[in-house]
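First up is the structure itself, then whatever we jot down about it.
Along the sequence shown, residues carry numbers from 1. All values below were derived from every heavy atom in this structure, side-chain atoms included, with hydrogens, water molecules and symmetry-related copies excluded.
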Amino acid sequence: MTILADVRSRTREWHRPSALAAATLGVVALLCVAALLVDQRTLAGAPIWAKPFKFAVSGALYFATWSWLVSLLPRFRRTAGWLTNFLVLIFAAEYVLLVFQAARGRASHFNNATPQDALIYSVMGKMIMGLWVATLVLTVLVMFTKVQDRASFWAVRAGAVLSLVGISLGILMTNPTAQQLAQWKTGGTPDMVGAHTVGLADGGSGLPILGWSTVAGDLRIPHFVGMHALQVLPLLALALAALAPRFTRLRDDAVRARLVLIGAAGYAGLTALVTWQALRAQSIVHPDVATLGAFALLVAAAGLGSWAAVRVR
């Protein structure tokens, strides 16, 4: 059975609470778009409702994927179901706090300006740790997924592992900046502890919608790229299966599996590259020679590997 047939046959078996959460977040994302049009307030140079919009879209993708992955488990499905229910509750609570802060015109992350802000950020931090632990256990359970197509077999495993790495990279944003440390040393108390921008203060010019800095490094990029391997790699397997009727070599599931593994290695390399770039305080839109050279080598390696995967019989 191909992954296309597998998806169609299992849709009715998807984990319902997470599927409902994905659909709800899709609706919430549309409401955030309306809020962006109506409420013109900004925070640190970004529209006040941009972060709730991005979290809603990302959460919708996250829960739709886990809803499908849970249905692939031949064992531990009940355990995975309870863990996914826990994820839904944790994310919902965190999202309510995020929206609450946005409505007040306050930063939800890194904010220690007032006791209330500090409490909200502390609670959100503990929620994120709970989400990470649950995702870790689910990632281990994904190793037991039963998929006959070898390409999708490797896609779901590699995607889950790389997604967990991407979530883990979010910890880099919690480290205090040099300016915040200097303020502590002089006896002051910084209003913000942690930042997503490297080299400059948060805020300033950013990409439309995404908000990623165009003038400095931005740690949100590796966090985003790594986290969404959970969707990208299964979609790669799905695309290869869809192209199989038109290309003879892709009808061999071993060839598709090789291509997925090369794609996973390339995606891991891309995640490492954008992390390295951000930590060097370099904007994603202004790469230097070293970054461009590393990216060229990564593309060349993936291209040669893909060529070899198709040619070798």
Side-chain angles (χ1 to χ4, degrees), residues 14-39 41-44 46-70 81-114 116-138 163-164 166-171 173-174 192 194-196 202 209-212 219-220 223-224 226-228 230-231:
W14 286 16
H15 181 254
R16 290 185 180 277
S18 52
L20 179 61
T24 301
L25 286 168
V27 174
V28 170
L30 295 176
L31 293 175
C32 288
V33 172
L36 283 165
L37 297 174
V38 174
D39 189 347
R41 289 178 297 161
T42 61
L43 180 65
I48 203 78
W49 294 102
K51 180 178 283 189
F53 169 75
K54 290 185 288 185
F55 269 65
V57 172
S58 185
L61 293 171
Y62 180 79
F63 286 118
T65 308
W66 275 115
S67 180
W68 168 58
L69 289 175
V70 170
W82 281 111
L83 284 169
T84 310
N85 290 343
F86 175 72
L87 287 179
V88 170
L89 291 174
I90 287 290
F91 186 90
E94 182 187 3
Y95 193 79
V96 167
L97 291 176
L98 186 147
V99 170
F100 174 70
Q101 288 292 77
R104 296 173 63 225
R106 309 288 295 178
S108 55
H109 290 74
F110 320 125
N111 192 353
N112 287 273
T114 68
Q116 185 180 30
D117 291 327
L119 176 62
I120 289 174
Y121 178 47
S122 175
V123 170
M124 290 179 69
K126 291 177 173 61
M127 289 177 176
I128 292 169
M129 286 303 300
L131 187 145
W132 185 88
V133 171
T135 303
L136 171 63
V137 178
L138 283 169
S163 179
L164 184 65
I167 293 172
S168 302
L169 288 172
I171 196 71
M173 292 182 268
T174 64
M192 307 290 284
H196 53 73
D202 284 348
I209 301 176
L210 293 171
W212 297 341
L219 292 168
R220 291 175 296 184
H223 181 55
F224 174 90
M227 185 169 60
H228 289 293
L230 192 65
Q231 291 81 40

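At a threshold of 4.5 Å between non-hydrogen side-chain atoms, the residues M227 and L169 do not count as touching. Counting only heavy atoms from C-beta outward, the side chains of T114 and R106 approach each other to under 4.5 Å. Looking only at side-chain heavy atoms (C-beta outward), L69 and L230 come within less than 4.5 Å of each other. Counting heavy atoms from C-beta outward, K51 and Q101 have side chains that stay 4.5 Å or more apart. The shortest distance between side-chain heavy atoms of I120 and F100 falls below 4.5 Å. Within the 4.5 Å cutoff, the side chain of M124 has no heavy atoms near those of the N111 side chain. Contact annotation: the side chain of L164 approaches that of L136 to within less than 4.5 Å [non-hydrogen atoms, C-beta and beyond]. Between V99 and V28, every side-chain heavy-atom pair lies at or beyond the 4.5 Å cut-off.
Relative ring orientation between Y121 and F110 is described as perpendicular, the plane-to-plane angle rising above 60° on a 0-90° scale split at 30° and 60°. Between F224 and W212, the ring-plane angle classifies as perpendicular under the 30° and 60° cut-offs.
R41 and A102 make their closest contact through NH2-O, 3.7 Å (heavy atoms, listed as atom of the first residue, atom of the second, distance). Shortest non-hydrogen contact noted between S18 and V88 is CA-CG2, 4.0 Å. Contact between G59 and L25 at its shortest, heavy atoms only, is C-CD1, 3.5 Å. A pairwise comparison of heavy atoms in L219 and A195 identifies CD1-O, 4.2 Å as the closest pair. In terms of heavy atoms, M127 sits closest to A93 at CE-CB, 3.5 Å. A pairwise comparison of heavy atoms in P47 and L36 identifies CB-CD2, 3.5 Å as the closest pair.
In this structure a side-chain-to-backbone donor-acceptor pair under 3.5 Å is present from H15 to G81. A donor-acceptor pair is defined here as one N or O able to donate and one able to accept, closer than 3.5 Å; such a pair exists between the side chain of T65 and the backbone of L61.
Considering W66, F63, F86 in turn, F63 is the only one that fulfils the ring pair (Phe, Tyr, Trp, His ring centres under 6.0 Å) rule with F91.
Annotation: the span from I90 atom CD1 to W132 atom CH2 amounts to 15.0 Å, rounded to 0.5 Å. Atom CD1 of residue I128 and atom OG1 of residue T135 lie 11.0 Å apart, to the nearest 0.5 angstrom. The distance from the CG atom of D117 to the CG atom of N112 is 8.0 Å, given to the nearest 0.5 Å. To the nearest 0.5 Å, atom NE2 of residue H196 and atom NE2 of residue H109 are 10.0 Å apart. Rounding to the nearest 0.5 angstrom, the gap separating the CD1 atom in I167 from the NE2 atom in H223 is 7.0 Å.
Summarising the local packing, CD1 of I209 is surrounded by 12 or fewer heavy atoms from other residues, nucleotides or ligands at distances under 6.0 Å.
One side chain, S58 or H228, offers a donor N or O that lies under 3.5 Å from an acceptor on the other.
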For L131 and Y62, run side-chain contact (heavy atoms from CB on, under 4.5 Å): C-alpha distance rounded to whole Å, both residues' side-chain angles, the deciding distance at 0.1 Å, then the answer. CA-CA 12 Å; L131 187 145; Y62 180 79; 4.2 Å; yes

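A salt bridge between D202 and R220 is absent, with no side-chain N of the basic residue lying under 4.0 Å from a carboxylate O of the acidic one.
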